[in-house]
**Student:** 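This is the structure I have questions about; it appears just below.
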Amino acid sequence: MKNRLKIERAIKNLTQDDLAKLIGVSRQTINSIEKSRYVPSTVLALKISEVFEKAVNEIFELEDSD
Amino acid sequence: MNFFVLYPLVLSVLMVFMVGWLLPRAGSTYDLFRLKLQLYPNWFKYFSIIWIVITIILSFFLSSSSGNNTEFVAVNVNFSLFVFFFSKEKDEDEFSEQLRLKAFIYSFISFVSFLILFGGFKGSQLSIPDIFLDFIFVQIFLGIALLTSLVYFYITKYKVNKNIEG
């Protein structure tokens, strides 16, 4: 699964730490999601979409391998 | 009562309490979706480190008095590793929960398969060293499995930490 987390963070001028605090997870979690090492739960994806005020599928995108 | 008899007794009582903590509170439900693993608080990690240190100190006294302290050390170290592994991280979330679960699954698979393999060897009357016929061997291998889980868990966290932006 691809994601635009890093770009969205840059637009909102948020660090990984800022975003982690906003949604109540660790920095490792944000970093792992950005590197596509970890697929977040629906709850977490929705929290992220709330922060960026965008729909989940505008931030996360399925790949052919999914 | 001898202190070295009392100490494992305290450990056994503590272990009953610790297992009770981890087990589901939802009564008789077997629905895994409804169950949530109740991990120990983060400070239990310090407790487990202290327990290991006390065990090592006591083991020196035990070896000088009775000469055999391997089982004493193995049981107590296993207890400490168990508590350490099932204690929350400082920033516990779904990511660390999943990491812990995966780390545990891989070490559990190796533990179970090694014991089955060992059982097969033992049954087939192949010559195996005496140490493998002793219960202490299971204790030591359990310790290795728990340690492997911790290594899997913290190596992955370390790798993730290396890439974190300031």
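So you know, we letter chains A, B, ... as the sequences are listed, proteins then strands, and number each from 1. Any value given below was found using the heavy atoms of this structure, including those in side chains, with hydrogens, waters and symmetry copies removed.
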**Student:** Work out which heavy atom in S41(A) is nearest to a heavy atom in E94(B); give both atom names and the distance.
**Tutor:**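 Answer, listing the atom of S41(A) first, then E94(B): OG-OE1, 2.5 Å.
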**Student:** Membership question, hydrophobic clusters at under 4.5 Å side-chain separation (ILVMFWY): are F108(B) and F86(B) in the same one?
**Tutor:**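 Same cluster.
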**Student:** Out of V25(A), I33(A), L44(A), T29(A), which one pairs with F95(B) under the side chain to side chain contact (heavy atoms under 4.5 Å, CB included) rule?
**Tutor:** T29(A)
**Student:** Using heavy-atom distances under 4.5 Å, tell me whether K90(B) contacts chain A through its side chain, its backbone, both, or neither.
**Tutor:** neither
**Student:** Are V83(B) and Y46(B) connected into the same hydrophobic cluster when the rule is that any two of I, L, V, M, F, W, Y join if their side-chain heavy atoms are below 4.5 Å apart?
**Tutor:** yes
**Student:** Does Q28(A) reach the main-chain N or O of K157(B) with its side chain, forming a donor-acceptor pair under 3.5 Å?
**Tutor:** no
**Student:** Hey, any chance L37(B) and F85(B) share a hydrophobic cluster, counting ILVMFWY side chains that come within less than 4.5 Å of each other, even indirectly?
**Tutor:** yes
**Student:** Rounded to the nearest 0.5 Å, what separates atom CD in E92(B) from atom OG in S26(A)?
**Tutor:**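 Going from CD on E92(B) over to OG on S26(A), the span is 9.0 Å.
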**Student:** Relative to chain A, which segment of D93(B) carries a heavy atom at a distance below 4.5 Å: side chain, backbone, both, or neither?
**Tutor:** side chain
**Student:** Looking at Y154(B), I'd like to know if its OH atom is crowded, meaning that more than 12 non-hydrogen atoms belonging to other residues, nucleotides or ligands lie closer than 6.0 Å.
**Tutor:** yes
**Student:** Look at the side-chain heavy atoms of Ile, Leu, Val, Met, Phe, Trp and Tyr, link any pair under 4.5 Å apart, and say whether F17(B) and V75(B) land in one connected group.
**Tutor:** yes
**Student:** Using heavy-atom distances under 4.5 Å, tell me whether E89(B) contacts chain A through its side chain, its backbone, both, or neither.
**Tutor:** neither
**Student:** Please round to the nearest 0.5 Å and tell me the distance separating atom CZ of R27(A) and atom CG of D91(B).
**Tutor:** 9.0 Å
**Student:** If you count heavy atoms of other groups shown closer than 6.0 angstrom to NZ of K102(B), is the number above 12?
**Tutor:**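 Check fails, neighbour count at 12 or below.
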